[in-house]
Amino acid sequence: MSKHLSKYNDVIIIGGGIIGNATAYYLAKKGLSVTVLEASKDIGIGGSSRNGGGVRQSGRDTRELPLAMWGIKNLWPGLSEELGVDVEYTQKGNLRLGKTAAHQKILQGLTDKAVSCGLDVRMINGDEIRAINPYLSDEVTCASWCPTDGHANPLTATLGYYKKARELGVRFITESPCFELRKIKGVIRQVVTPDAIYEADKVLVAAGFDSRKILATVGIDVPMMPLKMECLVTEAEPPMFLQMLGTADADFYGHQSKHGSFVFGGSSGFEHLNKDNGSPISSSIGASCTCRGIIKYFPALADAKIVRAWAGWLDDCADHVPVISPVEEVPGLYITCAFSGHGFGIAPAVGYNVAEMIADGHSTIDLSALRYDRFKPKQ
Amino acid sequence: MKSINDRSQDIGPFVSQTDDAIIICRCEEITKGEIRQAIHDGMFTVNEIRRYLRAGMGLCQGQTCGKLVKNLIARELNVIPDQLDPATSRSPMRPMEMKVLGNEEVSHV
Ligand SMILES: Cc1cc2nc3c(=O)[nH]c(=O)nc-3n(C[C@H](O)[C@H](O)[C@H](O)COP(=O)(O)OP(=O)(O)OC[C@H]3O[C@@H](n4cnc5c(N)ncnc54)[C@H](O)[C@@H]3O)c2cc1C
């Protein structure tokens with residue numbers, strides 16, 4: 001089939017996840033013409049529709065913490081109104097739970113780092129924990145508590161950005177996998193898909209771990225690997241608690257959603273050895289293992305019924321921190337990927353700041369610690 | 001075959017219909033009108049409708065309304081239903097208590 005040369009755009013975004021959709025929205029708001037190319041049939045089919053909904057600052061690396069804090073202060077509170085879709089943002093704090101001295105040490109380390117960046121997070125004891133969440137087992141003896149953390153609905157947030165960007169004239173084309181980027185006269189110019197070649201002045205690669213293959217076509221590499229993670233959801237339960245939860249050991253994390261079901265994610269320890277060939281299918285051990293983890297902390301949930309389990313991919317970076325960066329070797333090319341399992345909570349802030357980076361050449365939050373060329377060999 | 005991939009294609013304005021108030025997803029009480037409006041908001045696949053509205057996300061996990069939603073999308077976009085994928089089915093096939101799903105002990109009767 002001969003390829004037609006598609007209409008010219010200011011910006012082409014590769015990947016219709018929450019990062020691509022949010023950036024498209026903020027670019028369109030600035031008046032730029034944008035096309036988003038999504039490989040699959042569904043907008044938001046990747047990590048963006050599979051995550052645990054945490055909107056956290058606590059527990060983050062200090063390099064991405066400023067972005068997380070800025071987004072929680074400036075974007076999340078007004079997001080439902082801005083998008084015209086209920087993103088169910090709930091800012092009732094995050095408890096990261098522990099039971100042992102080793103847990104206490106992990107939590108204290110994370111807390112000290114966050115405090116040094118100006119975040120209100122502190123260690124609390126068992127009684128203080130159960131005053132916040134009375135359903136927790138007596139075995140829980142320590143926690144880090146960040147009152148300004150929270151959670152939101154990743155499905156409506158991802159599709160809300162899509163809906164609003166589309167209303168502002170952003171063109172979204174599904175089943176359009178980009179397999180090659182092309183430079184013309186040294187600058188980025190063309191995005192090649194099986195059906196068409198798209199042209200733009202600027203191109204953003206926001207395709208999760210698939211970004212690696214795409215970037216390789218212009219000689220750029222981001223050191224990351226796909227890592228499977230699993231989640232489950234219960235039937236609707238009466239309202240119990242509003243906090244986002246996690247544990248020092250990462251046995252599970254999650255929250256109760258607005259309509260009542262609990263959404264929990266967890267790991268079995270075999271994620272890096274997963275056998276399927278590229279499709280995020282939940283394993284036979286994953287959900288069972290997560291259930292055991294949850295019951296140990298929340299005995300009251302033992303009778304809650306699981307209605308669904310699923311899996312998704314993390315784009316796990318060498319240093320577990322995202323790459324958000326312009327690419328100097330390929331003028332006009334930008335990268336947002338390698339979110340390493342915590343890209344949802346910062347997605348609005350990433351979209352906003354990357355739109356500024358692309359349109360204005362600088363962003364509100366300094367993103368230089370997240371550059372693509374920060375990785376150095378060990379000697 | 002008409003493609004639904006270009007999400008900016010003109011599907012005409014949303015025109016309300018007399019039976020828009022009927023419930024399509026009984027578990028989550030989502031009406032025909034809400035589903036049709038979501039299609040005009042850009043949700044062109046069964047998965048997108050599900051994630052946007054919770055249609056098919058309740059106790060029966062879409063076993064009752066999945067086909068109806070698909071037909072509504074097909075009609076609104078003027079394509080044949082076979083062109084649309086059904087929503088993804090996932091384990092467990094019946095709702096199951098955490099203490100049962102998480103039980104590793106083998107009992108010898
Ligand atoms: C199980 C799980 C739990 C998580 N929990 C949390 C949490 O609690 N809090 C948090 O902050 N984060 C969490 N995350 C991480 C978060 O979901 C992601 O970091 C975030 O969604 C990343 O968004 P994205 O748009 O970069 O990626 P994705 O949503 O993966 O989007 C990338 C898109 O690019 C498309 N694509 C791929 N290749 C191509 C191509 N060649 N051409 C065109 N398009 C292409 C894909 O189809 C996909 O739609 C979790 C992730 C998982 C998997």
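Reminder, nothing fancy here: chain letters follow the sequence lines and each chain counts from 1.
Residue Ser176(A) does not touch chain B at all, counting heavy-atom pairs closer than 4.5 Å. Ile4(B) touches chain A through its backbone: at least one of N, CA, C or O sits under 4.5 Å from a heavy atom, while the side chain does not. For Arg166(A), the part lying near chain B is the side chain, with the backbone staying farther off; criterion is any non-hydrogen pair under 4.5 Å. With a threshold of 4.5 angstrom between heavy atoms, Val170(A) approaches chain B through N, CA, C or O but not through any side-chain atom. Looking at Arg54(B), only its side chain comes within 4.5 Å of chain A, counting heavy atoms on both sides.
Glu235(A) contributes atom CD, which lies 11.0 Å from atom CD of Gln61(B) (distance to the nearest 0.5 angstrom). Taking OH of Tyr52(B) as the start and CG of Asn153(A) as the end, the distance is 12.0 Å to the nearest 0.5 Å. In this structure, the separation between CZ on Arg51(B) and OH on Tyr162(A) is 13.0 Å, given to the nearest 0.5 Å. Atom OG in Ser8(B) sits 7.5 Å away from atom CD1 in Ile173(A) (nearest 0.5 Å).
Note: Ala304(A) leads Ala304(A), Gly169(A), Pro154(A) in heavy-atom pairs under 4.5 Å with chain B. Per-residue counts of heavy-atom pairs under 4.5 Å with chain A were compared for Arg94(B), Glu28(B), Arg50(B), Gln9(B); the largest is that of Arg50(B). Considering only heavy-atom pairs separated by less than 4.5 Å from chain A, the leading option among Met43(B), Glu104(B), Arg90(B), Met93(B) is Arg90(B).
Considering only heavy atoms from C-beta on, Met57(B) comes within 4.5 Å of Leu155(A) through its side chain.
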Checklist entry - After noting the C-alpha distance and the side-chain angles of Thr88(B) and Arg308(A), does the key distance pass the side chain to side chain contact (heavy atoms under 4.5 Å, CB included) rule? => result CA-CA 11 Å; Thr88(B) 321; Arg308(A) 193 173 176 89; 4.2 Å; yes

Checklist entry - Should Met98(B) and Asp303(A) be marked as a side chain to side chain contact (heavy atoms under 4.5 Å, CB included) after you check the CA-CA gap, both sets of side-chain angles, and the distance that decides it? => result CA-CA 6 Å; Met98(B) 277 201 208; Asp303(A) 290 313; over 6 Å; no

Checklist entry - Can you list the steps and then say if Glu97(B) with Lys305(A) is a side chain to side chain contact (heavy atoms under 4.5 Å, CB included)? => result CA-CA 4 Å; Glu97(B) 289 87 353; Lys305(A) 285 185 178 143; 3.4 Å; yes

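Contacts from residues 291-301 of chain A to chain B, taken as heavy-atom pairs separated by less than 4.5 Å, involve Cys291(A), Arg292(A), Ile294(A), Ile295(A), Leu301(A) in sequence order. Contacts between residues 40-52 of chain A and chain B, defined by a heavy-atom separation under 4.5 Å, are made by Lys41(A), Asp42(A), Ile43(A), Gly44(A), Ile45(A), Ser49(A), Arg50(A).
Surrounding CD of Glu167(A) are more than 12 heavy atoms belonging to other residues, nucleotides or ligands, all under 6.0 Å away. Within 6.0 Å of atom CZ in Phe14(B), more than 12 heavy atoms from other residues, nucleotides or ligands are found, so the atom counts as buried in its surroundings.
Looking at every heavy atom in both residues, Thr174(A) comes nearest to Arg7(B) through CG2-NH2, 3.4 Å. Here the closest non-hydrogen pair linking Ser288(A) and Leu101(B) is OG-O, 2.9 Å.
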